[in-house]
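Note on naming: letters A, B, ... go to the chains in the order of the sequence lines (proteins, then strands), and numbering restarts at 1 for each one.
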Amino acid sequence: MTNPTPISLTVNGESVSAQVLPRLNLADFLREHLGLTGTHVGCEHGVCGACTVRVNGDIVRACLLLAVQAEDASVETIEGLSDSGEISDLQAAFQNRNALQCGYCTPGMLMAAQDILTHEPQADREQIREHLSGNYCRCTGYHAIVDAVEATARARSGQAR
Amino acid sequence: MKASAFSYTRASSVTDALDLLALHGDQAKVLSGGQSLMPALNLRLSAPALLVDIGAISELRGISESNGVLKIGALTRHVDILRSPDIAKHAPLLTEAIAYVAHPAIRNKGTIGGSLAHADPASELPACTIGLDAIIVVRGRNGERRIQAADFFTGIYETVLSPEELLVAVEMPVAKSNSAHFFHEYARRKGDYAIVGLAASGILEGDVFADLRLGFFAVGDRPLLAAASKHLTGKPVTASMLADAQAALDAELDPQEDQQASAGMRRYLARQLMARCVATLLGRPELDARPRA
Ligand SMILES: Cc1cc2nc3c(=O)[nH]c(=O)nc-3n(C[C@H](O)[C@H](O)[C@H](O)COP(=O)(O)OP(=O)(O)OC[C@H]3O[C@@H](n4cnc5c(N)ncnc54)[C@H](O)[C@@H]3O)c2cc1C
Ligand code: FES
Ligand code: FES
């Protein structure tokens with residue numbers, strides 16, 4: 001069965017069916033089969049976080065999940081979060097605080113940031129840093145990213161400065 | 001890099017998985033959370049012909065307590081451990097340690113069975129199972145084996161598991177009212193593998209350790225249950241008893257040198273961790289006085 005295997009799943013709310021090789025990872029499936037190139041691929045072994053997506057509500061590394069494992073799953077990518085408006089305030093904060101330069105890390109950062117904003121809306125800077133510790137940024141030095149996430153946390157809980 | 005080609009099959013039950021493993025022998029690899037296996041495949045450090053995905057086997061899930069024993073199914077994810085009130089109550093060492101394992105996105109997939117079977121000597125959970133005197137439950141086609149955690153790990157990425165067996169659960173005695181635990185690791189960055197770490201549990205009778213289990217990690221080719229703890233039990237700990245214990249620990253260690261730390265640095269950090277653990281558990285900060293230069 002190194003042959004193409006049928007899979008069906010939901011991606012950003014739409015049903016998708018495809019034939020994939022077992023070795024194809026979810027990041028490459030999203031990028032190459034579906035043209036969703038917002039999910040970036042950096043290290044391909046789990047350390048950089050550029051490929052972070054949501055599967056059944058949990059953030060995961062798309063480079064460490066096989067497309068065949070995503071059978072029946074609900075996958076959400078940066079395109080989905082962007083188009084739905086779910087993170088428009090967070091994206092604006094990234095822009096305002098200069099939290100991105102080349103943008104390579106940004107989709108994964110936004111995924112991880114939205115995850116902590118959802119699960120721990122009162123998170124402080126230290127908790128934000130820790131939550132983002134698995135996402136590499138080679139440009140910003142992280143400070144501005146933490147600023148942007150913190151500003152969004154404050155704004156969402158109605159305590160904007 | 002991309003993984004080389006392999007076949008993939010999803011096992012429907014433990015029996016089904018064991019049949020597949022028996023049929024394919026060491027050509028097959030078990031796929032659990034994939035957070036160690038997938039990097040190895042992508043880097044082509046491993047190229048199995050078949051992946052047997054155990055992720056859908058519901059009998060391998062779940063956390064339960066009965067008759068003083070806490071049982072954790074192999075497929076329990078790191079995030080499940082982090083959030084479980086049963087684990088916080090009965091094995092608080094695990095709740096504390098799991099926050100040091102990798103990062104949120106990895107903890108959402110990685111499993112306890114995968115971590116123990118993978119047996120990275122710098123990994124937190126193997127040392128915890130040793131510190132907690134856990135039993136690792138393994139199933140093969142001929143039945144079940146119950147292995148003391150301290151006997152399970154045999155080398156770097158090596159355990160007593162055969163390629164035809166499945167790790168199904170971990171069991172450990174629940175924490176007692178006079179149990180105490182300590183966890184700390186030195187790492188360059190939160191979430192990284194440790195440079196040196198210690199997962200310890202003890203039984204305190206007044207100000208005396210009735211029992212003390214020290215599970216060191218990243219100090220050799222496998223997690224170490226330090227025999228040196230015998231210098232610290234049975235009577236109130238003195239500075240000289242601690243010094244004897246540290247010297248005995250030093251003799252037990254066989255640390256590797258790598259880009260993170262020299263062997264000497266690891267020895268030093270392990271001795272420091274022992275002092276910090278004893279001082280913390282006994283509430284006696286003076287025992288952790290740093291050596292004067
Ligand atoms: C960037 C990054 C950072 C990490 N940092 C840490 C860290 O700081 N500390 C740490 O401990 N870990 C760390 N990990 C590893 C992580 O904890 C893994 O989840 C864990 O080591 C393996 O669990 P898994 O379920 O993903 O196993 P898999 O990757 O699926 O499997 C690992 C190995 O175990 C075998 N296996 C899995 N389950 C079973 C079973 N039930 N029976 C028999 N064999 C089995 C597989 O065949 C494979 O050989 C990190 C991983 C990444 C990618
Ligand atoms: S590409 Fe997946 S973590 Fe780097
Ligand atoms: S903005 Fe360039 S890597 Fe983060």
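For a heavy-atom cut-off of 4.5 Å, chain A lies close to B/Asn108, B/Lys109 in residues 107-120 of chain B. For a heavy-atom cut-off of 4.5 Å, chain A lies close to B/Gly34, B/Gln35, B/Met38, B/Pro39 in residues 34-41 of chain B. Of all residues spanning residues 137-147 of chain A, none has a heavy atom less than 4.5 Å away from chain B's heavy atoms.
In A/Glu126, the CD atom is not crowded: 12 or fewer heavy atoms of neighbouring residues, nucleotides or ligands sit closer than 6.0 Å. Heavy-atom neighbours of B/Lys190 NZ from other residues, nucleotides or ligands within 6.0 Å: above the threshold of 12. Remark: B/Lys89 NZ is loosely packed, at most 12 non-hydrogen atoms of other residues, nucleotides or ligands lying under 6.0 Å away.
Top candidate by heavy-atom pairs under 4.5 Å with chain B, chosen from A/Glu130, A/Met111, A/Gln69, A/Glu44, is A/Glu44. Interface remark: of the candidates B/Asp192, B/Val79, B/Asp53, B/Leu43, B/Leu43 forms the most heavy-atom pairs closer than 4.5 Å to chain A. For the options B/Ala102, B/Ala49, B/Ser4, B/Gly55, heavy-atom pairs under 4.5 Å to chain A are most numerous at B/Ser4.
In plain terms, the two heavy atoms of B/Tyr8 and A/Pro22 that are nearest each other are CB-CB, 3.7 Å. Nearest approach of B/Ser7 to A/Thr2, heavy atoms of both residues: OG-N, 3.3 Å.
Distance alone, capped at 3.5 Å, is enough to place a donor-acceptor pair between the B/Arg189 side chain and the A/Ser133 backbone.
Going from atom CG of A/Leu132 over to atom NE2 of B/His103 covers 11.0 Å, rounded to the nearest 0.5 Å.
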- Please report the C-alpha distance between A/His45 and B/Leu45 in whole Å, then the side-chain angles of each, then the deciding distance to 0.1 Å, and finally whether the side-chain contact (heavy atoms from CB on, under 4.5 Å) criterion is met. CA-CA 12 Å; A/His45 61 275; B/Leu45 300 171; over 6 Å; no

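With a 4.5 angstrom heavy-atom cutoff, A/Leu65 touches chain B via backbone and side-chain atoms both. Contact of A/Leu21 with chain B is not made at all, since no heavy-atom distance falls under 4.5 Å. If you measure heavy-atom distances from A/Asp28 to chain B, the contacts under 4.5 Å come from the side chain alone.
In this view, A/Glu79 satisfies the salt bridge (charged side-chain N to carboxylate O under 4.0 Å, His left out) rule with no residue, not counting sequence neighbours.
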